[in-house]
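Position 1 is the first residue of the sequence; numbering continues from there.
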Amino acid sequence: QVDAAVRDATMNRNDAGAPGRLAMVLHAYQQFDPAEQCYRRAHEMAPRAFEWAYYLSVVEQIRGERMSALEDGQTAVALKPSSKPARRRLADILLEGGRNDESRKIYAALVKEDPNDAAFHYGLGRALATQGGTLLDAIEQYKTRLPARADIRRRASGALEELYPD
């Protein structure tokens, strides 16, 4: 895979997708330094392409490059405001950087849009806990989704029993 992606990037120097695809392969193999370089190249070549800004912010966050991750995360959200994963990532980056109120606002909006996503509740709970809330406030926020998850687990179990009876 790596050889094919390198060959593709070498042969298609004017195609922003080529270094982007190489970056994705490198990212999958946890080769974050060269992946970041390739994502950055793809983003420079196609600054209006959401995926390169988003994946660049992912790798920058993994590498602890908070300011770059924040800038590229904001760019990704600006390019595709409907992307819940990009908004969640931005909220995480903001929280890591101590910008708790901004993070809380994003998580609160995500919870409002998708109240069944436990990860959004968990993030909101984390943000609330850093803003003078107690750990119990965070736990209560997270627990609001546990019944929904139990219901999903129960329904999935019932479906499996129907598909694969004893």
Distance check, rounded to the nearest 0.5 Å: [X] atom [atom1] versus [Y] atom [atom2]?
X      : Y      : atom1 : atom2 : result
Gln31  : Asp33  : CD    : CG    : 8.5 Å
Leu95  : Asp101 : CG    : CG    : 11.5 Å
Asn100 : Arg126 : CG    : CZ    : 10.0 Å
Met24  : Cys38  : CE    : SG    : 12.5 Å

Go through it in stages, so that I can follow the logic: the residues are Ile93 and Gln74, the test is side-chain contact (heavy atoms from CB on, under 4.5 Å), and I'd like the CA-CA distance, side-chain angles, deciding distance and then a yes or no. CA-CA 10 Å; Ile93 294 166; Gln74 289 170 326; over 6 Å; no
Indicate if Tyr39 and Leu79 have the same hydrophobic cluster label, given that clusters are the connected sets of ILVMFWY residues with side-chain heavy-atom separations under 4.5 angstrom. yes
Keeping the roles fixed (side chain from Ser103, backbone from Arg99), state whether a donor-acceptor pair exists under 3.5 Å. no
Examine distances only and state if a side-chain atom of Glu60 and a backbone atom of Ala69 form a donor-acceptor pair shorter than 3.5 Å. yes
Which residues satisfy the side chain to side chain contact (heavy atoms under 4.5 Å, CB included) test with Arg87, sequence neighbours excluded? Val77, Lys84, Ile106, Ala109, Leu110, Glu113
If every non-hydrogen atom of [X] is compared with every non-hydrogen atom of [Y], which pair is closest and at what distance?
X     : Y     : result
Ala46 : Ala16 : CB-CB, 3.6 Å
Val59 : Phe32 : CG1-O, 3.5 Å
Pro19 : Asp15 : CD-O, 3.1 Å

Counting C-beta onward and ignoring hydrogens, is there a side-chain heavy-atom pair between Gln61 and Arg66 closer than 4.5 Å? no
[X] bridged to [Y] by N-O distance under 4.0 Å:
X      : Y      : value
Glu36  : Arg41  : no
Lys105 : Glu102 : no
Arg89  : Asp92  : no

Apply side-chain contact (heavy atoms from CB on, under 4.5 Å) to Gln37 and Leu26, showing your working. CA-CA 10 Å; Gln37 293 172 3; Leu26 293 167; over 6 Å; no
Any chance you could lay out the side-chain contact (heavy atoms from CB on, under 4.5 Å) test for Asp72 and Arg40, step after step, and finish with the verdict? CA-CA 10 Å; Asp72 292 316; Arg40 186 170 314 288; 4.1 Å; yes
Would you mind listing every side chain to side chain donor-acceptor pair (under 3.5 Å) that reaches into residues 43-57, with sequence neighbours excluded? none
By the definition side chain to side chain contact (heavy atoms under 4.5 Å, CB included), identify the one residue from Leu124, Thr130, Leu94 that meets it with Arg104. Leu124
So, Tyr107 versus His121, ring centres under 6.0 angstrom or not? no
